[in-house]
Structure formats: C-alpha cells, structure tokens
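For this chain, numbers begin at 1 and follow the sequence in order.
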Amino acid sequence: MTDSRTPLVLVGAGGHAKSVISTIVDSPEYRIVGLIDDGFASMPDRVLGFPVLGGRDLLPKLKEQGIHNVHVCIGDNLVRGQMSRWLRTQGFEVVSLRHSSNFSGIGSEYGAGSFFHVYSLLGAECIAGEGCILQPYSDIGHETRIGDYVQFCPGIHTGGACDIGDYAFIGLGAVILPGIRIGRHAIVGANAVVREDIPDGGVVVGNPGRLLKVREIPKVTSLAG
C-alpha cells in the first residue's frame, strides 16, 4: 500500500530528535524519511529505527527527489535558529510539528519550525515566533508573546500576558508570574519562580527567583554552507 503522507527529513540526530520522532512517528501528515546530521560519522546508523542518511551535503540530492519539507531537531536555541534560516536559503520548507494532545487556544499563532510535545498548552491569543519548543506539560498563559527560537522545558508554567524574548531558555518546572518580561537570550533555572522582569542575557535561579548574572548576548550569525 502506497504511503501518501508528505515525506519529511529531520535535521539533527541527537537527543531532541528522539523526542520529535516519538511525537510524530504515527503522524497522519508526515512520513519520516530519515535524519541529516553533519556529525553522522560518529553516530549510530539509526535513531529509533530511522536511518541517519548523512550530512548537509546530501540535502540537494534529497530535494531533487522531491523532498522539500524539513524539521530542525536541535535543542540549542541559537544553532536551531542558524540551521533553520540556512535551510530556507536552500529552498526547504521548515515545518512545525504538533502532537495530537497539544492544545492551542483560540486566536493563538505560532511560527514555522515550532515543535509542540505531548500535553503542551499554548493559551488563547498567544503569539509564538519561529522555531519554538514546548516540551511535555508546558503551559503558556493567555496572551503571552514569545519570540523566535525559545525553548520551554517540561512542566513550566507562565501566567497570562507574559513577554518572552528571542532565544530564551525556560528550565524544568519553572514558574513565571503573569505579565513578566523575560529578556532575549535569558535563562531561567529549573524550578525557579520568576516574579520580576529579567533583562536580556539574564540568568535567574531559585524561589523566589534571583538574578544570578547577566551574560553577554551571543552574536546571531549565519550558518556557513
């Protein structure tokens, strides 16, 4: 029987790829062709049964075969953004993936390349940017604004009307109170309770959350071909 689902290549074959595969293996929309990773030479031949096809140099051949849809399975926010932008310059469509148990409220929107794991929730009228990751049991309150390439770890909760900057990382079990602004490239530690705004590059830990340090903002660069 012919599989009529859209062929999909996963870019990145590390740990996050296992989360993605587990989430969409039974997807009615996409059929996983295999994985691409520039570190393939030192990796197993397969990830959860799906073949590691090779490095990025294989992508033109895959495009010639009619495969245009990819999803970037890279946990590092900065690298995920670099790879996603580069893939678009090569003519690929970076698609978003959602588990059937994800709930996205009325009026919510999200950008290309985002990933919604099991039992994640994007509240009503939330706006999320490109390449965001919502891990299991992450709960984003209504009207929250989320920048590009943000990652929410399992079990986080935000109140309504928060503002989460580009490339922010929200650690396991963290809680962000309503209306709080999290700066670009900020890091919120595991189980932290954030009650005050965090500046760009800020690192907050503890309950109540305290500003541990402010990191230099990494430069967002293009990925070399």
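Separating the CD1 atom in I127 from the CD atom in E109 is a distance of 3.5 Å, to the nearest 0.5 Å. Remark: L48 CG to I32 CD1 distance equals 9.0 Å, nearest 0.5 Å. The structure places CG of L122 at 10.0 Å from CG of D139, a figure rounded to the nearest 0.5 Å. Rounding to the nearest 0.5 Å places CZ of F40 at 10.5 Å from CG of L53. Note that OG of S138 is 9.0 Å distant from CZ of F116, once rounded to the nearest 0.5 Å.
At a threshold of 4.5 Å between side-chain heavy atoms, the hydrophobic network of Ile, Leu, Val, Met, Phe, Trp and Tyr places V20 and L8 in one connected group. In the hydrophobic cluster analysis, where Ile, Leu, Val, Met, Phe, Trp and Tyr join through side-chain heavy atoms closer than 4.5 angstrom, V193 is grouped together with I170. When hydrophobic clusters are built by joining Ile, Leu, Val, Met, Phe, Trp and Tyr residues whose side-chain heavy atoms come closer than 4.5 Å, directly or via intermediates, I140 is not grouped with F103.
Residues K18 and V47 are in side-chain contact: their nearest non-hydrogen atoms beyond the backbone lie under 4.5 Å apart. In this structure, L87 and V11 have side chains that are in contact, with non-hydrogen atoms separated by less than 4.5 Å. Under the 4.5 Å side-chain criterion, counting only non-hydrogen atoms from C-beta, V9 is in contact with L62. Contact of the R80 side chain with the I133 side chain is registered, since non-hydrogen atoms from C-beta on lie closer than 4.5 Å. At least one side-chain heavy atom of V194 sits less than 4.5 Å from a side-chain heavy atom of I176.
With I198 as reference, V188 is the one residue of V188, V214, V203 to meet the side chain to side chain contact (heavy atoms under 4.5 Å, CB included) rule.
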**OP:** Start with the C-alpha gap between D200 and R184, add the side-chain angles, then the distance that decides, and say whether salt bridge (Lys or Arg N to Asp or Glu O under 4.0 Å) holds.
**Re:** CA-CA 5 Å; D200 292 350; R184 296 178 303 119; 3.2 Å; yes

Subject >> Pair H16-F115, ring-ring contact (aromatic ring centres under 6.0 Å, His included): steps then yes or no >> reply: CA-CA 11 Å; H16 185 54; F115 173 65; 5.3 Å; yes

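Summarising the geometry of P51 relative to V33, their closest heavy-atom pair is CG-O, 3.6 Å, with the distance given to 0.1 Å. Looking at every heavy atom in both residues, A13 comes nearest to D37 through N-OD2, 2.8 Å. Q151 approaches Q135 most closely through the heavy-atom pair OE1-NE2, 3.5 Å. The two residues F50 and I21 have their closest heavy-atom pair at CE1-CG2, 3.6 Å. Of all the heavy atoms in D148 and E130, the pair that sits closest is OD1-N, 2.8 Å. Minimum interatomic distance between S84 and V72 (heavy atoms only, all atoms of both residues): OG-CG2, 3.5 Å.
Among residues two or more places apart in sequence or in another chain, the side-chain contact (heavy atoms from CB on, under 4.5 Å) test is passed with E93 by N69, V95.
In this structure, Y119 and H99 have tilted ring planes: the angle between them lies in the 30° to 60° band.
Under 3.5 Å, the side chains of T221 and Q82 contain a donor-acceptor pair of N or O atoms.
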